[in-house]
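Below is one structure, written out as structure tokens; the observations come after it.
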Amino acid sequence: AQSVTQPDIHITVSEGASLELRCNYSYGATPYLFWYVQSPGQGLQLLLKYFSGDTLVQGIKGFEAEFKRSQSSFNLRKPSVHWSDAAEYFCAVGGLKNTGTASKLTFGTGTRLQVTL
Amino acid sequence: EAGVAQSPRYKIIEKRQSVAFWCNPISGHATLYWYQQILGQGPKLLIQFQNNGVVDDSQLPKDRFSAERLKGVDSTLKIQPAKLEDSAVYLCASSVAGGNYEQYFGPGTRLTVT
């Protein structure tokens, strides 16, 4: 069964500091990996995704993530955090089943980011 | 381009009552998803439609939840009767097609069952 673990429930960083949010996944084949952001009262917005190719992927709002197959990780990073980045961040995994059909997305429990000024 | 629309945004009902949520996906999106997001958890897929056919409803509690997507456009999710544990945000999302293409999410409906 596919699963996602986000070990940090809550992270606080100072504005201008760097950020890394951790994500570990379990998937029986080649995974498709996603990071979404959710602001209060809003739906989820896709930050970036990894399907194949370069293991360092760039996303919107200055975010990037690195796929490390050996560690089953897909950590999200940002070199300098802005106060507007305060939100909930979700990692998700999907992919292709052996039948060639797509599996559903499985989300982690999220990491709440607080940014101090 | 208009995003995914959902209504109502908030709903409070008593247990054993019924409730319905409506979703209008982005125009031209063939795939529509309903997710349940309980406080402190990530979204969990309840049902996925491809046009007006069901692709995956393995996690839908079919004894009380039902969903339809008539004409392959907008969709309704119903709960009857509601239980306390159904309190959650119900998110609708759509994508051009299935297969893990980018999903666009609506703002959600926050349901409180008392």
Side-chain angles (χ1 to χ4, degrees), chain A residues 1-10 21 23-27 29-52 57 59-60 74 76 87-97 99-112, chain B residues 1-10 21 23-26 29-50 53-60 88-112:
Chain A
Q2 59 194 73
S3 65
V4 174
T5 301
Q6 294 181 248
D8 303 306
I9 296 173
H10 187 202
L21 301 182
C23 172
N24 293 97
Y25 69 89
S26 174
Y27 192 78
T30 299
Y32 294 169
L33 294 157
F34 306 80
W35 275 101
Y36 284 85
V37 61
Q38 185 177 34
S39 298
Q42 303 297 314
L44 280 72
Q45 181 185 21
L46 181 67
L47 286 175
L48 47 80
K49 60 183 182 285
Y50 171 79
F51 284 2
S52 64
V57 294
I60 61 172
F74 189 57
L76 182 71
E88 187 101 24
Y89 291 81
F90 292 93
C91 181
V93 66
L96 292 179
K97 296 183 282 191
T99 55
T101 56
S103 64
K104 63 180 182 290
L105 284 186
T106 297
F107 287 82
T109 52
T111 296
R112 180 166 298 278
Chain B
E1 174 181 86
V4 176
Q6 290 188 247
S7 67
R9 291 295 309 276
Y10 305 91
F21 313 127
C23 172
N24 190 32
I26 293 173
H29 281 195
T31 307
L32 185 147
Y33 312 79
W34 282 104
Y35 289 87
Q36 180 192 57
Q37 186 178 18
I38 294 173
L39 186 64
Q41 299 182 18
K44 181 183 80 171
L45 180 69
L46 292 176
I47 189 167
Q48 176 183 343
F49 291 95
Q50 180 75 18
V54 175
V55 174
D56 186 343
D57 64 356
S58 57
Q59 299 189 106
L60 185 73
V89 175
Y90 291 85
L91 296 165
C92 179
S94 69
S95 64
V96 172
N100 298 307
Y101 288 91
E102 178 174 352
Q103 296 183 26
Y104 294 82
F105 284 80
T109 297
R110 181 176 296 278
L111 173 67
T112 302

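All chains are named by letter (A, B, ...) in the order of the sequence lines, taking the proteins before the strands, and each is independently numbered beginning at 1.
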Side chain, backbone, both or neither: which part of A:Q6 has a heavy atom under 4.5 Å from chain B?
-> neither
The side-chain hydrogen bond (donor to acceptor under 3.5 Å, both in side chains) partners of A:Q45 (sequence neighbours excluded) come to A:K61
Could you tell me which portion of B:R110 (side chain, backbone, both or neither) has an atom closer than 4.5 angstrom to a non-hydrogen atom of chain A?
-> neither
Under 4.5 Å to a heavy atom of chain A? For B:Q59 that would be side chain
About how many Å separate [atom2] of [Y] and [atom1] of [X], when rounded to the nearest 0.5 Å?
{"X": "B:K44", "Y": "A:L105", "atom1": "NZ", "atom2": "CG", "answer": "15.0 Å"}
{"X": "B:S95", "Y": "A:L46", "atom1": "OG", "atom2": "CG", "answer": "11.5 Å"}
{"X": "B:Q41", "Y": "A:F107", "atom1": "CD", "atom2": "CZ", "answer": "13.5 Å"}

Mind running side chain to side chain contact (heavy atoms under 4.5 Å, CB included) on B:Q103 and A:Y36 for me, showing each step along the way?
-> CA-CA 10 Å; B:Q103 296 183 26; A:Y36 284 85; 3.8 Å; yes
Is it the case that more than 12 heavy atoms not belonging to A:I60 sit under 6.0 Å from its CD1 atom?
-> yes
In terms of heavy-atom contacts, B:P43 and A:L44 come closest through CG-CD2, 4.0 Å
Shortest non-hydrogen separation from A:F90 to B:Q37 and the atoms involved = CZ-NE2, 3.2 Å
